[in-house]
Amino acid sequence: MKQQPAETEPTPLNRSFFDRSVHEVAPDLLNKVLVGPNGSGRIVEVEAYGGSDDPGSHAFRGPTPRTELMFGPPGFLYVYFSYGMHWCANVVTEPSGSASAVLLRALEPLSGVSGMYAARGRAKRDVDLCSGPAKLCAALGIDGDLNGLDLTQGSAVVRIVDDGVLPPADATATTRIGLSKGADLAWRYVVLNSPHLSRKIHP
DNA sequence: ACCGGGATGTTCT
DNA sequence: GAACATCCCGGTG
């Protein structure tokens with residue numbers, strides 16, 4: 001029987017991983033594994049948000065009840081309700097006082113796929129399960145009840161683990177999706193050639 | 001393939 | 001009252 005190179009038992013990413021610039025953390029999250037209540041998937045697309053220079057960030061105009069998590073310590077889950085229908089999940093980065101987060105935008109499903117189909121209703125193909133920020137939350141079972149969760153605890157129902165697959169050497173940065181402000185910033189990071197992206201890269 | 005519009009409700013001005 | 005870090009469906013070419 002085949003055995004993995006057993007280097008490290010997959011453990012959740014620790015606080016110091018997230019306690020860096022959002023622009024370092026975001027590309028480093030590519031190829032990590034997001035584990036949720038319904039299953040898990042490999043992260044293939046993220047977007048960076050934050051800083052006083054980013055008009056597309058929820059935190060741009062200062063802290064509000066909704067966004068206070070972005071101003072807090074790193075390593076926590078920030079879940080917000082989008083368009084009155086959908087949940088989207090972020091990971092808070094950078095030290096307290098520095099508001100930033102990484103939006104998790106697309107996954108390659110790994111485990112719990114049948115449960116993901118059940119949770120996603122009309123999805124017909126694997127590439128439809130987690131190819132968008134609200135799709136992946138629905139597929140994995142992430143909603144507002146999990147807002148503020150500490151991702152670095154081994155027992156957390158949502159965590160991000162490193163299974164030994166490195167971030168892609170050719171990680172590509174492109175413009176973010178769905179914004180009316182800050183749309184010029186190339187802060188979307190993707191695993192090139194993944195069929196699970198929310199949108200294809202326009203060449 | 002591309003494009004347009006509807007669903008649906010919280011958040012902040 | 002407007003805006004919104006989305007998704008899905010139905011039209012047309």
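All of these numbers come straight from a predicted model, not from anything done at the bench. Values reported hereafter were calculated over all heavy atoms of this structure, with side chains retained and with hydrogens, waters and symmetry mates removed. Chain naming here is simple, since letters A, B, ... match the order of the sequence lines and numbering starts at 1 in each.
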Looking only at side-chain N and O atoms, does A:Arg122 come under 4.0 Å of OP1 or OP2 in C:dC9? yes
In whole Å, what is the span from the NZ atom of A:Lys181 to the P atom of B:dC12? 13 Å
Strictly below 4.0 Å, heavy-atom distances to any atom of DNA chain B: list the hits from residues 82-111 of chain A, or just say none. A:Tyr83, A:Gly84, A:Met85
Only one of A:Leu103, A:Ile177, A:Val191 passes side-chain contact (heavy atoms from CB on, under 4.5 Å) with A:Glu45, and that residue is A:Ile177
Closest to side chain of A:Met70, choosing from C:dC8, C:dT6, C:dA5: C:dA5
Under a cut-off of 3.5 Å for both distances of each Watson-Crick or G-U pair, what dot-bracket string does DNA chain C give, using [ ] for crossing pairs and | for inter-strand pairs? ||||.|||||||.
Residues, nucleotides or ligands: over 12 heavy atoms within 6.0 Å of A:Arg199 CZ: no
Tell me which donor-acceptor pairs under 3.5 Å the side chains of residues 31-39 of chain A have, and how far apart each pair is, sequence neighbours excluded?
from    : atom 1 : to       : atom 2 : distance (Å)
A:Asn31 : ND2    : A:Leu166 : O      : 2.8
A:Lys32 : NZ     : A:Asp28  : O      : 3.0
A:Asn38 : ND2    : A:Ala139 : O      : 3.0

Any A:Pro27 side-chain heavy atom under 4.5 Å of A:Pro167 side chain: no
A:Ala134 side chain, from C-beta outward: closest of C:dA5, C:dC7, B:dT10: C:dC7
Is any side-chain heavy atom of A:Asp150 closer than 4.5 Å to a side-chain heavy atom of A:Arg15? yes
d(CZ, A:Phe60; C1', B:dC12) in whole Å: 15 Å
At under 4.0 Å between heavy atoms, what does A:Gly178 touch on the DNA or RNA strands: base, sugar-phosphate, or nothing? sugar-phosphate
Look at all strands and tell whether A:Ser180 reaches a base, only sugar-phosphate, or nothing, counting heavy atoms closer than 4.0 Å. sugar-phosphate
What's the CG-C1' distance between A:Leu136 and C:dC7, to the nearest Å? 13 Å
For residues A:Asp54 and A:Tyr49, determine if any side-chain heavy atom of one lies less than 4.5 Å from a side-chain heavy atom of the other. yes
Closest non-hydrogen atom pair, A:Gln153 against A:Pro12: O-CG, 4.0 Å
Atom CZ of A:Arg61 and atom C1' of C:dA2: how far apart are they, to the nearest Å? 13 Å
When you get a sec, tell me which of C:dC8, B:dC12, C:dA5 is the closest nucleotide to the side chain of A:Tyr78? C:dA5
Length of the line joining A:Leu77:CG and C:dA5:P, which is rounded to integer Å: 18 Å
Report the distance from atom CG of A:Leu197 to atom P of C:dT6, rounded to the nearest whole Å. 15 Å
Can you run down the ring-ring contact (aromatic ring centres under 6.0 Å, His included) pairs that involve residues 149-189 of chain A, sequence neighbours left out, and say none if there aren't any? A:His23-A:Trp187
Side chains of A:Phe18 and A:Thr152, heavy atoms from C-beta outward: is any pair under 4.5 Å? yes
Flag as yes if A:Tyr49 stacks onto the base of C:dA5 (centroids under 5.5 Å, planes under 30°), otherwise no. yes
Given DNA chain C, 5'-ward residue of the pair A:Asp128 and A:Leu179, judged by closest heavy atom: A:Leu179
Note: contacts of residues 32-44 of chain A with DNA chain C (heavy atom, under 4.0 Å) are none
Less than 4.5 Å apart, any side-chain heavy atom of A:Leu129 and any of A:Lys135? no
Please report the shortest heavy-atom distance between A:Ala186 and A:Ala173, naming the atom on each side. O-CB, 3.6 Å
Could you check if a side-chain atom of A:Glu47 sits within less than 4.5 angstrom of a side-chain atom of A:Ser198, using non-hydrogen atoms only? no
Round to a whole Å and report the spacing from CG of A:Asp54 to C1' of C:dA5. 10 Å
Quick one: side chains of residues 70-89 of chain A, donor-acceptor pairs under 3.5 Å with protein atoms, not counting sequence neighbours, listed by atom name and distance.
from    : atom 1 : to      : atom 2 : distance (Å)
A:Tyr78 : OH     : A:His58 : ND1    : 2.8

If you find the nucleotide of DNA chain C closest to A:Arg120 and the one closest to A:Tyr80, which residue's nucleotide is nearer the 5' end? A:Tyr80
Nearest-Å distance for atom pair CZ/P, residues A:Phe81 and B:dG9: 7 Å
Heavy atoms under 4.0 Å, any strand shown: does A:Arg176 hit a base, just sugar-phosphate, or nothing? nothing
